[in-house]
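Before any comments, here is the structure.
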Amino acid sequence: MKPLSATEAVAAIESGKLTAEKVVRACLDRIAEREPAVKAWAFLEPALALAQARAADAARGGVLRGVPIGVKDIIDTHDMPTGHNSPIFQGKAPFGDAACVALCRTANAVILGKTVTTEFANRHPGPTVNPHNPAHTPGGSSSGSAAAVADGHVPLAFGTQTGGSVIRPAAYCGVIGYKPTFGDFSRVGIKMQCHSVDTLGLMARTLDDIALFRGAVLKLPPIRIDRGIARPRIGLCRTPIWSEAEPDTKKLLEATASKLADKGASLIDVAFAAPFADILDDHAAITSWEGARNYADERLRNPDKVSRALMDGAMKRGLETSFERYVAAQRKAVAFRAHVDSLFDKVDVLLCPSAPGEAPKGVEFTGDPRFNSIWTLAGTPCVTLPAGSGANGLPLGIQLVGLRHADDRLLSVAAWVAAHLD
């Protein structure tokens, strides 16, 4: 059976053409075939997954109707270990589910297993490779989730984003990634790296699946994508680090903007006000300061079990960041969010890079997150759409950014954009 989207699976289960058990068995078969090469899963117990599927078939109903989900391994699950890709937590099961997992169980989802993350969702990578080319990174830190969705192991998966850890790996692996407005999704039961910006996100292969998944996590009916919207107003925002985008990305963004304008979209160039040209420095100050303190127990009680990459990188930078610098960055971030909100007086969405370019070669470096970190700090909803490939034949994405708390509008505009791209 070919990999189904979540929306297709729900429809087939509701019509009686399939059962949740058959859908889950198909996913497990695909994983058995591909997992030795892709290495996307940190924990997978087929018997447990099938028991959930049979329970879903018996219960019937629910928004997700037995659709299987991959859960990033920093998100708690009461019946599976949450390992954070760290020897400190290896094999340890938490006492309960994270809120997002509990809500999906309520929606009758099957929690298929735990997907590989970088260590504590930071920079030290796990074993996952890019399913399009195993010599390249899948991105981080939601590496396993992006690879699993892209390779057809599972139709839906959770990721998290502190810098660029949903949008970037989704773009590298050629799937749709969605980071909601900051605060819309509960973070209870998710390992906290930086409380000011950490955001739960979703990955899928279709926008309809993102809308379905979002409804379950918000405990709402399925969110409807409006495909009859008027031609949107799009702002091309190259961001202050445009010069660091690779040629393929620059060409893609400008060609996409031109094509959408030809299809009737209103297009204008948008730039940040001068005081925010260095806003990425403020994101770095906030995240490093908070991360060093949120990982105090791991850093102080188990220093020999924390990677040197983390101890000598983010932790060291965080301890060297003064409280005064942190407070100044927080104050500037408040002004920046208001400034970004004001940009939407003239546009419906912003169009910008999902990543500097294709997934880098090798698996040690998970890619540059800064084209995403800007929007993580802004708290805006973002979605990346697959939009072709680069010189090495690997996926490229385009990122659409919306007004805070206008996520439904963003997804509808994203559907309009997707429909007008080749």
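Proximity of the aromatic rings of Y178 and F213 is defined here by a centroid distance below 6.0 angstrom, and this criterion is not met. You'll find the ring centres of W375 and F272 inside the 6.0 Å limit.
To the nearest 0.5 Å, atoms CD1 (I374) and SG (C352) are separated by 8.0 Å. Note that NZ of K332 and CG of D282 are 4.5 Å apart. Values are rounded to the nearest 0.5 Å. In this structure, the separation between CG on L112 and CZ on F43 is 10.5 Å, given to the nearest 0.5 Å.
Under a 4.0 Å N-O distance rule, the pair E8/K17 does not qualify as a salt bridge. Ion pairing between R25 and E21 holds under the 4.0 Å rule for side-chain N and carboxylate O. Salt-bridge formation is not detected for the pair E320/R317: no Lys NZ or Arg NE/NH1/NH2 atom is positioned less than 4.0 Å from an Asp or Glu carboxylate oxygen. Using a 4.0 Å cut-off between charged side-chain N and carboxylate O, R105 and D97 make a salt bridge.
Between R299 and L310 there is no side-chain heavy-atom pair separated by less than 4.5 Å.
Across S145, S143, S141, a single residue satisfies side-chain hydrogen bond (donor to acceptor under 3.5 Å, both in side chains) together with K72, and that is S141. Paired with E298 under the rule salt bridge (charged side-chain N to carboxylate O under 4.0 Å, His left out), one option of K191, R293, K305 passes, and it is K191.
Within a 6.0 Å radius of CD in E14, other residues, nucleotides and ligands contribute more than 12 heavy atoms.
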Would you check, one step at a time, whether the test side chain to side chain donor-acceptor pair (under 3.5 Å) holds for H132 with N130? CA-CA 5 Å; H132 297 276; N130 193 302; 4.7 Å; no
Could you go through K316 and D312, starting from their C-alpha distance and side-chain angles, then the distance that decides it, and tell me whether this counts as salt bridge (Lys or Arg N to Asp or Glu O under 4.0 Å)? CA-CA 5 Å; K316 185 173 184 291; D312 297 339; over 6 Å; no
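With sequence neighbours left out, H78 forms a ring-ring contact (aromatic ring centres under 6.0 Å, His included) with no residue at all. Take T106 and apply the side chain to side chain contact (heavy atoms under 4.5 Å, CB included) test, not counting sequence neighbours, and it matches K219.
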